[in-house]
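First the structure, in the form of structure tokens, and then the observations on it.
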Amino acid sequence: MLMVWTGTVATALPPFAHQRAELFATCAGRLAALAAHERARGLDAAQDHSSMSGDFDFLLETTLPDALDEGVPATQPRGWWSSGWTEIAYLLAEEAYSLDQGRADRARAAREDRIGQCQDVIL
């Protein structure tokens with residue numbers, strides 16, 4: 001069962017369909033990248049993150065008609081999704097390969113923050 005959290009102002013969904021579509025596409029990409037990373041390492045969390053990515057894909061599909069009516073180009077959601085993927089892939093690479101431990105720690109914190117923002121949307 002998919003539940004969307006809209007309980008507080010800080011975690012409320014954006015008011016416009018194009019903003020929700022961007023959020024959903026970006027989170028789908030972020031979680032897909034994390035799931036691919038985890039799957040490559042045989043981590044159990046990969047299935048949960050892959051499932052959440054699918055939930056965001058579903059939310060995007062349901063929001064997309066209204067976003068298109070608001071003027072979003074049909075190709076834009078793929079760009080948002082790719083940006084989310086790239087963002088997490090970059091942070092994972094920084095975390096794993098940086099020779100500077102402080103930089104690696106900041107990348108891990110940023111990745112956890114970005115994923116946490118998405119997890120806060122779905123209960």
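Remember, it's a predicted structure, so these values are computed and weren't measured experimentally.
Nearest heavy atom pair, residue A104 against residue E95, reads CB-O, 3.6 Å.
Note on M52 and L13: same hydrophobic cluster, where clusters join Ile, Leu, Val, Met, Phe, Trp and Tyr whose side-chain heavy atoms are under 4.5 Å apart, directly or indirectly. I88 and L60 fall within a single hydrophobic cluster, where Ile, Leu, Val, Met, Phe, Trp and Tyr side chains are chained together by heavy-atom contacts under 4.5 Å.
Rounding to the nearest 0.5 Å places SG of C118 at 12.0 Å from CG of D55. Note: E94 CD to D100 CG = 9.0 Å, rounded to the nearest 0.5 Å. Atom CG of D57 sits about 11.0 Å away from atom CG of L64, to the nearest 0.5 Å. Atom CG of residue L91 and atom CZ of residue R106 lie 12.0 Å apart, to the nearest 0.5 angstrom. With rounding to the nearest 0.5 angstrom, the CD atom of E112 is 12.5 Å from the CD atom of Q117.
With sequence neighbours left out, A93 forms a side-chain contact (heavy atoms from CB on, under 4.5 Å) with Y97.
Remark: side-chain polar atoms of E70 are paired, donor with acceptor, to backbone N or O of H18 under 3.5 angstrom. A donor-acceptor pair under 3.5 Å is formed between the side chain of S83 and the backbone N or O of G79.
V72 belongs to a hydrophobic cluster with W80, counting contacts under 4.5 Å between side-chain heavy atoms of Ile, Leu, Val, Met, Phe, Trp and Tyr, direct or through other members.
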Ignoring hydrogens and angles, write down the donor-acceptor pairs under 3.5 Å from the side chains of residues 21-38, residues two or more places apart or on other chains.
unit_1 : atom_1 : unit_2 : atom_2 : d
T26    : OG1    : E22    : O      : 2.8
R30    : NE     : E87    : OE1    : 2.7
R30    : NH1    : R114   : O      : 3.1
R30    : NH2    : E87    : OE1    : 3.1
H37    : ND1    : R41    : NH1    : 3.3
E38    : OE1    : A46    : N      : 3.3
E38    : OE1    : H49    : ND1    : 2.7
E38    : OE2    : H49    : ND1    : 3.1

